[in-house]
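Notes follow once the structure below has been shown.
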Amino acid sequence: MLATAKAHFDQDLARARSLLAHAIGLPAGVLRDDVLRAAWMMTVGACDAYFSDAYADLISRALRAKELQPAVKIPDRLNNLRVPVTAILREANGGWRWRMAARELVETENVLSIAKIKALFNHFYRDHHKLLTADTIEAWILHPNSKVRLFGRTRTEYRAVPPAQKGHVKKLAVTALEARFELIFQRRHDCIHNCDRPKVALQTIEPAHVTKVAEDIEFLVHRSHESLIAEFPQYLQQHGFSGATRNQVCQG
C-alpha cells in the first residue's frame with residue numbers, strides 16, 4: 001500500500017538532491033542560485049506528487065473495499081465523490097479501474113499546504129488519530145530526525161515540559177510546523193510564478209537553505225507515510241470491512 005507513491009517520492013527527492021549537489025559545485029552567482037531554486041522547486045514537487053498519488057491510492061482502495069462489500073456503509077465524502085463515467089464503464093479489474101478513477105479525481109489538484117493535506121487525508125483516520133494534530137504530534141516531535149525549526153523546540157526541551165503544559169506546547173508545535181511548510185511552499189510558488197522575485201528584489205538563496213528544505217520535506221513525507229500505512233487498515237475496520245477485504249485492498 002502506497003509503495004509506488006513512496007518509491008516515486010524517494011526517487012524524485014534524490015533527483016532534487018543531485019541538483020543541489022551540482023549547484024554546490026558551481027561558482028557563486030546567478031547560475032548557481034537558479035540551480036538551487038530548481039532544486040527547491042523539485043523538492044516541493046516531489047512532496048506534491050507523493051500526497052496526490054497517496055490520496056488517489058487510498059481513494060481507490062476504499063472504493064475497491066466498497067465494491068467487495070457493498071453492504072458496508074462508507075462516509076459521505078466517499079459516497080459523494082464524482083467518479084468519472086469513464087471509470088465506471090472502463091473494462092478492467094476492480095482495483096485498476098478504481099485507481100484510474102481516483103487519479104482522474106486528483107489530476108488537477110495540488111497538495112501544497114498543510115491544511116489541504118489534512119483536509120484530504122484525515123477522512124481516512126479514526127477519531128483522535130488524525131494527521132498533524134495536537135493529539136498525534138508528540139511522536140513527530142520526539143522522532144530522532146525532528147528539527148527545532150519544525151517544532152520550535154528540541155526533543156530535550158519538549159521532554160522537560162511539565163505534563164500540565166504539554167497540551168499547549170503540542171498545539172504550538174503544530175502551529176510551528178504549519179508555518180515552516182507555508183514558507184517552503186510559498187517560496188516554490190514565488191520561484192515558479194515570478195522567478196523568485198515576489199516584490200522588487202530577487203530573494204537570496206544558499207545551499208544550506210535548500211539542504212534544510214530537502215530534510216524537512218523528507219521528514220514530512222516519511223512521517224505521513226508511516227502514519228497512513230498504520231491508520232488506513234484501522235479506518236477500514238472501523239467502518240465494518242472484514243479482515244479478508246482489508247487484506248485484499250491493503251496489499252501491494
Side-chain angles (χ1 to χ4, degrees), residues 2 5-6 9-10 12-13 16-17 20 40-41 43-55 58 109-190 203 205-206 208-235 238:
L2 303 180
K6 175 63 162 50
F9 170 77
D10 290 339
D12 294 341
L13 185 62
R17 282 178 161 147
L20 171 60
W40 189 309
M41 289 186 282
T43 298
V44 177
C47 175
D48 185 16
Y50 170 80
F51 284 111
S52 294
D53 288 348
Y55 183 66
L58 296 184
E109 296 273 6
N110 72 64
V111 191
L112 293 184
S113 77
I114 296 298
K116 184 65 176 288
I117 291 168
K118 292 197 289 186
L120 290 176
F121 288 96
N122 276 339
H123 294 281
F124 298 112
Y125 280 74
R126 297 165 292 162
D127 294 339
H128 307 298
H129 293 78
K130 305 299 186 182
L131 183 66
L132 295 172
T133 69
D135 290 332
T136 57
I137 199 67
E138 183 174 73
W140 289 36
I141 300 171
L142 295 175
H143 192 277
N145 294 335
S146 71
K147 304 291 183 182
V148 67
R149 63 180 176 268
L150 290 175
F151 301 110
R153 66 190 65 228
T154 65
R155 296 187 297 278
T156 301
E157 289 170 340
Y158 176 77
R159 290 190 182 99
V161 173
Q165 298 177 21
K166 278 277 170 64
H168 175 64
V169 168
K170 287 189 283 189
K171 289 179 182 178
L172 293 177
V174 173
T175 299
L177 184 80
E178 291 174 343
R180 171 60 178 164
F181 283 102
E182 181 179 357
L183 182 155
I184 290 172
F185 296 151
Q186 181 59 46
R187 184 70 181 268
R188 186 253 196 180
H189 178 88
D190 291 340
Q203 298 186 92
I205 191 166
E206 295 294 336
H209 298 160
V210 187
T211 298
K212 291 175 181 177
V213 167
E215 291 174 352
D216 294 349
I217 289 291
E218 184 175 48
F219 184 86
L220 173 65
V221 171
H222 283 193
R223 302 292 78 73
S224 298
H225 182 77
E226 293 164 357
S227 178
L228 291 167
I229 289 290
E231 189 61 27
F232 186 69
Q234 300 292 331
Y235 159 85
Q238 174 182 279

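Heavy atoms only: backbone and side chains are in, while hydrogens, waters and symmetry mates are out.
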Requested in this report: For L58 and F121, run side-chain contact (heavy atoms from CB on, under 4.5 Å): C-alpha distance rounded to whole Å, both residues' side-chain angles, the deciding distance at 0.1 Å, then the answer.
Outcome: CA-CA 9 Å; L58 296 184; F121 288 96; 4.0 Å; yes

Query raised in the report: In Å and rounded to the nearest 0.5 Å, what is the NE2 to CG distance from H209 to L183?
Result: 10.0 Å

Report task. Could you tell me whether Q186 atom CD has more than 12 heavy atoms of other residues or ligands within 6.0 Å of it? Result -> yes

Report summary line: Correct closest heavy-atom pair for T43 and A214 would be CG2-CA, 3.8 Å

Query raised in the report: Under the side-chain contact (heavy atoms from CB on, under 4.5 Å) criterion, do D216 and R149 qualify, and how do the steps go?
Result: CA-CA 9 Å; D216 294 349; R149 63 180 176 268; 2.9 Å; yes

Query raised in the report: Looking at E218 and R17, does any basic side-chain N land under 4.0 Å from a carboxylate oxygen?
Result: yes

Query raised in the report: For the residue pair F232 and Y235, does the interplanar ring angle fall in the parallel (under 30°), tilted (30 to 60°) or perpendicular (over 60°) class?
Result: parallel

**Report entry** Heavy-atom pair with the smallest gap, counting every atom of R155 and I141
**Finding:** CG-O, 3.1 Å

Query - Rounded distance [0.5 Å steps], CD1 in I229 versus CG in L2 - result: 4.5 Å

**Report entry** Qualifying residues under side chain to side chain donor-acceptor pair (under 3.5 Å), relative to H129, sequence neighbours excluded
**Finding:** R126

Query raised in the report: Checking N122 side chain against L131 main chain: does a donor-acceptor pair fall under 3.5 Å?
Result: yes

Report task. Give the C-alpha distance, both sets of side-chain angles, the deciding distance and a yes or no for side-chain contact (heavy atoms from CB on, under 4.5 Å) between H225 and Y50. Result -> CA-CA 9 Å; H225 182 77; Y50 170 80; 2.9 Å; yes

Query raised in the report: Does W140 reach the side chain of S146, with side-chain heavy atoms less than 4.5 Å apart?
Result: no

Query raised in the report: With a 4.5 Å limit on heavy-atom distance, are the side chains of V169 and R153 in contact?
Result: yes

Report task. Under the side chain to side chain donor-acceptor pair (under 3.5 Å) rule, collect the residues that match up with S224, sequence neighbours excluded. Result -> none

Requested in this report: Examine distances only and state if a side-chain atom of H168 and a backbone atom of Q165 form a donor-acceptor pair shorter than 3.5 Å.
Outcome: no

Report task. For D10, check side chain to side chain donor-acceptor pair (under 3.5 Å) against everything at least two apart and list the hits. Result -> K6, H222

Query raised in the report: Which value, rounded to the nearest 0.5 Å, describes the distance between T154 atom OG1 and L142 atom CG?
Result: 10.0 Å

Query raised in the report: Between W40 and R187, is any pair of side-chain heavy atoms under 4.5 Å apart?
Result: yes

Requested in this report: Compare all side-chain heavy atoms of I117 with those of Y55 and state whether any distance is below 4.5 angstrom.
Outcome: no

**Report entry** Contact list for residues 156-173, test salt bridge (charged side-chain N to carboxylate O under 4.0 Å, His left out), sequence neighbours left out
**Finding:** none

Query raised in the report: If you round to the nearest 0.5 Å, how far is CD of E215 from CG of L220?
Result: 14.0 Å

Query - Where P233 and A230 come nearest, the two heavy atoms and their spacing - result: CD-O, 3.8 Å

Requested in this report: Check step by step if side-chain contact (heavy atoms from CB on, under 4.5 Å) holds for T136 and K130.
Outcome: CA-CA 7 Å; T136 57; K130 305 299 186 182; 5.6 Å; no

Query - Option from F51, F181, F185 for which side-chain contact (heavy atoms from CB on, under 4.5 Å) with L112 holds - result: F185

**Report entry** Of all pairs that satisfy salt bridge (charged side-chain N to carboxylate O under 4.0 Å, His left out), the ones with a partner from residues 137-146, not counting sequence neighbours
**Finding:** none

**Report entry** Within-4.5 Å side-chain heavy-atom neighbours: V44 and D48
**Finding:** no

Query raised in the report: If every non-hydrogen atom of L132 is compared with every non-hydrogen atom of V174, which pair is closest and at what distance?
Result: O-CG1, 3.8 Å

**Report entry** Minimal non-hydrogen separation, R180 against V213, with atom names
**Finding:** NH2-N, 4.0 Å

**Report entry** Sequence-distant partners of A49, side-chain contact (heavy atoms from CB on, under 4.5 Å), two or more places apart
**Finding:** none

Query raised in the report: With a 4.0 Å cut-off, would you call R223 and E226 a salt bridge?
Result: yes

Query raised in the report: Taking all non-hydrogen atoms of both residues, which atom of A54 and which atom of A5 are closest, and how far apart?
Result: N-CB, 4.0 Å

